[in-house]
Q: 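Structure provided below as structure tokens; questions to follow.
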Amino acid sequence: MSWDYILTIFVAAMLGGAIGLEREYRSKEAGFRTHFLVGLGSALFMVLSMHGFDGFEGQPGVIIQRDPARMAAQVVSGIGFIGAGTIIFQKNVVKGLTTAAGLWVTSAIGMTAGVGMYGVAVSATVMVLVCLEGMNFLHHRVFKHWHREYDADEREQDELTGKNQ
């Protein structure tokens, strides 16, 4: 058992879990457990793809070519199915796109950690959290204020023109 591989999947799971905590705090469909598992699974597939077949020779005279990118491509496809399951179209409103994108990027972060690029994985996680929390702040503090001003101006205009009478 190699502790390096265990560290790799642990880091990926923790980074995915950090994103999941933010989603859970916001009461979104996919929270801590889902993001934790996506990060862990993606890293595990990358570790398997890169190192799981070391020493596998196959049949005599058969040349085996390994391509870790092939498994990574399949992980991306699989995450697409999971993400599609979180998207809901109801009453002409699409919901769950951010959750689907969060699962997608969590998988990418897990794969990045899975190949040992911890700095990139941590940086991407920080950027995801800044995006999610930053946009939430802007939406609730700045944009909502602008909407209130716009609505007040619109009501004032309606009163002047007599539309709401």
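Given the structure is predicted, the values throughout are model-derived calculations rather than measurements.
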Q: Tell me, please, which residues at least two apart from L97 pass side-chain contact (heavy atoms from CB on, under 4.5 Å).
A: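 In terms of side-chain contact (heavy atoms from CB on, under 4.5 Å), with neighbours along the sequence ignored, L97 is linked to I87, V94.
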Q: Which residue pairs satisfy the salt bridge (Lys or Arg N to Asp or Glu O under 4.0 Å) criterion with at least one member in residues 109-127, sequence neighbours excluded?
A: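 Applying salt bridge (Lys or Arg N to Asp or Glu O under 4.0 Å) to every pair that reaches into residues 109-127, excluding sequence neighbours, yields nothing.
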Q: Considering only residues two or more places apart or on different chains, which pairs with a residue in residues 32-49 satisfy salt bridge (Lys or Arg N to Asp or Glu O under 4.0 Å)?
A: none
Q: Per the ring-ring contact (aromatic ring centres under 6.0 Å, His included) rule, what does the pair list look like for residues 7-33, sequence neighbours excluded?
A: F32-F36
Q: Quick one: salt bridge (Lys or Arg N to Asp or Glu O under 4.0 Å) pairs with a partner in residues 36-45, sequence neighbours left out?
A: none
Q: Is there a path from M14 to I109 through hydrophobic residues (I, L, V, M, F, W, Y) whose side chains come within less than 4.5 Å of each other?
A: no
Q: Going by the rule side-chain hydrogen bond (donor to acceptor under 3.5 Å, both in side chains), which residues pair with T8 if we only count those two or more places apart in sequence or in a different chain?
A: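 T8 satisfies side-chain hydrogen bond (donor to acceptor under 3.5 Å, both in side chains) with Y118 once adjacent residues are dropped.
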Q: Not counting sequence neighbours, which residues clear side-chain contact (heavy atoms from CB on, under 4.5 Å) with D67? List them please.
A: A69, R70
Q: List in chain and number order the residues that pass side-chain hydrogen bond (donor to acceptor under 3.5 Å, both in side chains) with E133, two or more places apart in sequence or in another chain; answer none if no residue qualifies.
A: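 E133 satisfies side-chain hydrogen bond (donor to acceptor under 3.5 Å, both in side chains) with R26 only.
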Q: Give every residue pair that meets the side chain to side chain donor-acceptor pair (under 3.5 Å) criterion with at least one member in residues 94-113, sequence neighbours excluded.
A: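 Listed by first then second residue: E29-T99, S42-S107.
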Q: Residues in side-chain hydrogen bond (donor to acceptor under 3.5 Å, both in side chains) with T86, at least two apart?
A: none
Q: Tell me every residue that passes side-chain contact (heavy atoms from CB on, under 4.5 Å) with L40, counting only those two or more places apart in sequence or in another chain.
A: I9, A13
Q: Can you list the residues that meet the side-chain contact (heavy atoms from CB on, under 4.5 Å) rule with A72, with sequence neighbours excluded?
A: M46, M111
